[in-house]
Amino acid sequence: MENLREALEKLKLASTDSPTDRTETSLDCLLTALAQNNTEASRKMQEMGVLPLLPTLLSPQSSCTPKVANIIAEMAKNEFMRNSCVEAGLIPPLVQLLNSTDQEVLLQTGRALGNICYDSRK
């Protein structure tokens, strides 16, 4: 979990700049943490305020976009994260990505939107 905390801090710093190798490394660490313990990692990301940083990383031109959409998809597997994803403003940038021609972006975006909307009564 210490690696996760460090990656989250780096991601907070990187989100104010243009995406870099450091951003990619931080995103990889988040994906690894989610794969190891999705619920705990999602909760930690929520506590550390990562969700509001993600919309800025969902740029159609960014090489980080598929990883960011994948992270959102993984977090949204947890029911307790779905409203937080909506409140963080993730839906509009994800919907915009549906115009992409990149198959990986489309796959991860579809997963993210599907998981956020799963079992929603809204």
Side-chain angles (χ1 to χ4, degrees):
M1 264 309 140
E2 195 54 41
N3 285 348
L4 176 59
R5 184 180 309 281
E6 188 177 313
L8 292 171
E9 289 301 328
K10 286 180 184 173
L11 189 60
K12 282 184 179 182
L13 293 172
S15 69
T16 59
D17 306 325
S18 58
T20 63
D21 289 341
R22 188 170 61 188
T23 307
E24 292 272 355
T25 304
S26 296
L27 294 173
D28 287 338
C29 183
L30 299 185
L31 284 168
T32 300
L34 286 164
Q36 290 173 350
N37 188 337
N38 191 306
T39 302
E40 186 179 341
S42 294
R43 201 173 308 279
K44 182 65 69 183
M45 287 185 229
Q46 186 179 34
E47 288 169 7
M48 293 191 70
V50 168
L51 287 175
L53 306 175
L54 298 180
T56 60
L57 295 172
L58 285 172
S59 164
Q61 314 75 284
S62 172
S63 61
C64 295
T65 298
K67 286 182 184 178
V68 175
N70 190 2
I71 288 167
I72 296 166
E74 291 301 316
M75 288 190 305
K77 286 181 178 179
N78 299 294
E79 186 176 350
F80 69 89
M81 291 297 296
R82 295 181 189 142
N83 279 339
S84 298
C85 287
V86 173
E87 290 165 5
L90 295 174
I91 303 295
L94 285 168
V95 169
Q96 287 296 314
L97 291 174
L98 294 175
N99 294 316
S100 175
T101 56
D102 182 316
Q103 292 301 303
E104 187 64 17
V105 169
L106 289 171
L107 172 68
Q108 299 305 335
T109 299
R111 288 184 62 238
L113 288 168
N115 289 347
I116 292 168
C117 296
Y118 179 76
D119 208 22
S120 176
R121 289 171 181 75
K122 294 181 179 180

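Nearest heavy-atom pair across Ala88 and Pro55 is O-CG, 3.4 Å. Smallest separation of non-hydrogen atoms from Pro66 and Val105: CG-CG2, 3.7 Å. Of all the heavy atoms in Ala112 and Ala76, the pair that sits closest is O-CB, 4.5 Å.
Between Arg43 and Gln46, the side chains place no donor N or O within less than 3.5 Å of an acceptor N or O (distance only, hydrogens not considered).
Listed for the Arg82 side chain is no donor-acceptor partner under 3.5 Å among the backbone atoms of Cys117. Under the 3.5 Å distance criterion, the side-chain polar atoms of Asn115 are matched with a main-chain donor or acceptor of Ala73. Distance alone, capped at 3.5 Å, is enough to place a donor-acceptor pair between the Asn38 side chain and the Glu74 backbone. Not a single donor-acceptor pair under 3.5 Å links the side chain of Asn78 to the backbone N or O of Met81.
Between Tyr118 atom OH and Lys77 atom NZ the span is 12.5 Å, to the nearest 0.5 Å. Separating the OG atom in Ser42 from the CD atom in Glu79 is a distance of 13.0 Å, to the nearest 0.5 Å. Here OG1 of Thr39 is found 9.5 Å from CG of Leu34. Values are rounded to the nearest 0.5 Å. With values rounded to the nearest 0.5 angstrom, Met48 atom CE is found 10.0 Å from Leu53 atom CG. Distance OG1/Thr25 to CG/Leu27: 8.5 Å, rounded to 0.5 Å. Taken from NZ in Lys67 to CG in Leu30, the straight-line distance is 10.5 Å, to the nearest 0.5 Å.
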- Query: Given the rule in the side-chain contact (heavy atoms from CB on, under 4.5 Å) test, do Leu51 and Met75 qualify, once you have shown the distances and angles that lead to the verdict?
  - Reply: CA-CA 10 Å; Leu51 287 175; Met75 288 190 305; 3.2 Å; yes
- Go through Leu94 and Ile116 one step at a time and tell me if the side-chain contact (heavy atoms from CB on, under 4.5 Å) criterion holds. CA-CA 11 Å; Leu94 285 168; Ile116 292 168; 3.9 Å; yes
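Ile72 and Phe80 fall within a single hydrophobic cluster, where Ile, Leu, Val, Met, Phe, Trp and Tyr are joined by side-chain heavy atoms under 4.5 Å apart, directly or via other members. The hydrophobic cluster containing Leu106 does not contain Ile71, counting ILVMFWY residues as joined when their side-chain heavy atoms lie under 4.5 angstrom apart, directly or transitively.
Between Gln96 and Pro60 the shortest side-chain heavy-atom distance does not fall below 4.5 Å.
Thr109 pairs with exactly one of Leu98, Thr65, Val95 by the side chain to side chain contact (heavy atoms under 4.5 Å, CB included) rule, that one being Leu98.
For Glu104, the CD atom is densely surrounded, since the number of other residues' heavy atoms within 6.0 Å is greater than 12.
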